[in-house]
Structures are given as C-alpha cells and as structure tokens.
Amino acid sequence: MNVDWSWERAWDCLPILLEGFKITLIATVLGFLIAAVLGLAIAVVRRIAPTFVTVPVRMICEFIRLTPLVVQLLFAYYLLPQFSALQIGIVVLGIHYSTYMAEVYRAGIDSVPRGQWEAAHALSLPTGRTWRAVVLPQAIRNTTPALGNYAISMFKDTPFLFAITVVEMVTAAQQYGARTFQYLEPITIAGVIFLIASYPTSILIRKLEKSLAY
C-alpha cells in the first residue's frame with residue numbers, strides 16, 4: 001500500500017465519497033426529524049400521562065440509551081428484513097436519539113416559569129392550548145441549541161450504519177480503499193468532508209445559543 005498522497009487518487013475517489021455523503025445527509029436529516037418529533041412526544045407523555053404509562057416509557061428509554069447503537073441497528077436489521085437497510089438505519093437513529101432529545105425537551109419544559117402555567121390556568125385555557133400556545137413555544141426555544149448539538153452527534157454517528165450494509169460516506173471510503181489498496185486519500189477526504197459540514201453548523205449553534213440567552 002502506497003502511503004504517499006496522490007491528488008489523482010483524491011479526485012478519483014471524490015465522486016464516490018460525495019455519493020456516500022448524500023446517504024449520510026439523508027440518514028441524518030430524516031433521523032433527526034424522527035428524533036425531534038418522537039422525543040417531544042416522549043417528553044410530553046412523561047409529563048402528563050399517568051404513572052402506569054410513564055413508568056414503561058421511562059424504562060424503554062433507559063434501555064435504548066444504555067444499549068449500543070450498533071446492537072440496535074443489527075437487531076432491527078435482522079428482525080425486519082422486509083425493510084431496506086437505509087430505512088432501518090434512519091428509524092433506529094431517530095428512535096435512539098429521541099430518548100436523548102426527550103430529556104432535553106423535559107428540561108426545556110421544566111424551565112418554563114411557573115407563572116406562565118398559573119397565568120394560563122387563570123385564563124381558563126384548555127390543557128391542549130396551554131401546551132401549544134404557552135409551554136411548548138418557550139420550551140422548544142430554550143432547547144434549540146441542545147437539539148442542534150444532537151444533530152451534529154447523529155451526523156457523526158452515521159458511520160455505524162456500515163453494520164447493516166448501508167454505504168454511507170465512511171463505508172464508501174473503505175470500499176474504495178479495499179478496491180485500490182489506497183486508503184489515505186479516501187479516509188482523509190471523508191474526515192475533511194465531515195469537518196466542513198460540522199464546523200459551520202457548530203458555529204451557528206453557538207451563535208444561536210448566545211442570541212437566545214438574551
């Protein structure tokens with residue numbers, strides 16, 4: 001294996017990596033949407049549902065958080081062969097991260113001042129409208145930066161999809177290296193693409209966090 005950098009090989013592998021990056025981006029965006037919606041639902045259920053509902057939900061969330069993502073991917077992949085590997089990867093990523101986002105949402109809900117709840121009650125607002133118009137807008141605003149950080153974490157965790165044969169960017173780089181016996185260029189470029197995609201997003205999240213602090 002040649003360890004000298006070659007721009008020719010770099011340009012040769014770039015289209016393959018960009019195709020893998022497209023899969024990485026799809027898995028991240030769709031997985032994040034699932035996680036954001038499901039996480040919010042879990043947080044609300046744990047806040048308002050009776051104990052016989054909240055206890056099983058909490059136990060399931062703990063189980064998902066305390067087991068490796070790769071194990072969950074493999075379990076779902078072999079349990080549900082009728083679905084494509086990418087579909088399974090997206091859903092498992094979303095469910096896995098929803099358990100973390102649920103805790104973020106819960107913290108955001110708890111951060112809503114008690115006076116807001118009391119004002120809604122004094123105005124005789126229905127429970128549903130209190131949540132929609134008073135609580136959730138403030139809670140989501142408070143949790144946006146943390147949710148953005150989880151989006152970046154999910155983006156960086158997409159290489160785990162290799163375990164269920166999804167050819168995302170890192171897997172594409174490895175396959176190119178296995179085919180040409182040249183790993184330096186594809187792995188390096190994959191890392192650079194991750195950095196280029198993640199760094200501006202992290203800066204945006206920091207600015208958003210500062211702006212929401214005022």
Side chains of [X] and [Y], heavy atoms from C-beta outward: is any pair under 4.5 Å?
{"X": "Tyr105", "Y": "Leu147", "result": "yes"}
{"X": "Val92", "Y": "Ile164", "result": "no"}
{"X": "Tyr176", "Y": "Leu17", "result": "no"}
{"X": "Leu69", "Y": "Leu93", "result": "yes"}
{"X": "Ile48", "Y": "Trp131", "result": "yes"}
{"X": "Thr180", "Y": "Arg9", "result": "no"}
{"X": "Val112", "Y": "Trp117", "result": "yes"}

If you take all heavy atoms of [X] and [Y], which pair is closest and at what distance?
{"X": "Pro186", "Y": "Gly177", "answer": "CG-N, 4.4 Å"}
{"X": "Ile42", "Y": "Val57", "answer": "CG2-CG1, 3.9 Å"}
{"X": "Val104", "Y": "Ala146", "answer": "CG1-CB, 3.6 Å"}
{"X": "Ile109", "Y": "Ala43", "answer": "CD1-CB, 4.3 Å"}
{"X": "Gln138", "Y": "Val134", "answer": "NE2-O, 2.9 Å"}
{"X": "Tyr77", "Y": "Ile88", "answer": "CA-CD1, 3.7 Å"}

Will you find, in the side chains of Thr67 and Gln72, an N or O donor that is under 3.5 Å from an N or O acceptor?
yes
Distance (rounded to the nearest 0.5 Å) between [X] [atom1] and [Y] [atom2]:
{"X": "Met169", "Y": "Ile189", "atom1": "CE", "atom2": "CD1", "result": "10.5 Å"}
{"X": "Leu136", "Y": "Arg141", "atom1": "CG", "atom2": "CZ", "result": "15.0 Å"}
{"X": "Phe21", "Y": "Ile26", "atom1": "CZ", "atom2": "CD1", "result": "10.5 Å"}

Should [X] and [Y] be counted in the same cluster of Ile, Leu, Val, Met, Phe, Trp and Tyr side chains packed under 4.5 Å apart?
{"X": "Leu18", "Y": "Leu195", "result": "no"}
{"X": "Trp11", "Y": "Trp5", "result": "yes"}
{"X": "Phe162", "Y": "Ile23", "result": "no"}
{"X": "Phe75", "Y": "Leu73", "result": "yes"}
{"X": "Leu79", "Y": "Leu161", "result": "yes"}

Report the C-alpha distance between Gln174 and Ile187 in whole Å, list the side-chain angles of each, state the deciding distance to 0.1 Å, and finish with yes or no for side-chain contact (heavy atoms from CB on, under 4.5 Å).
CA-CA 7 Å; Gln174 291 178 320; Ile187 295 298; 4.3 Å; yes
Does Arg65 have more than 12 heavy atoms from other residues, nucleotides or ligands lying within 6.0 Å of its CZ?
yes
Taking only residues at least two apart or on different chains, which pairs with a member in [range] satisfy side-chain hydrogen bond (donor to acceptor under 3.5 Å, both in side chains)?
{"range": "residues 146-162", "result": "Tyr97-Asp157"}
{"range": "residues 186-198", "result": "none"}
{"range": "residues 42-56", "result": "Arg46-Glu103, Arg47-Asp110"}

Identify, with sequence neighbours excluded, every residue that meets side-chain contact (heavy atoms from CB on, under 4.5 Å) alongside Ala163.
Val70, Leu74
Has the side chain of Gln116 got a donor or acceptor atom that lies under 3.5 Å from a matching backbone atom of Pro113?
no
Under the 3.5 angstrom rule, does the side chain of Glu168 hit a backbone N or O of Thr171 as a donor-acceptor pair?
yes
So which pairs with a foot in residues 10-24 pass salt bridge (Lys or Arg N to Asp or Glu O under 4.0 Å), sequence neighbours left out?
Glu19-Lys22
Per-pair distances, 0.1 Å, donor-acceptor, side chain in residues 27-41, under 3.5 Å, sequence neighbours excluded:
from: Thr28; atom 1: OG1; to: Thr24; atom 2: O; distance (Å): 2.8

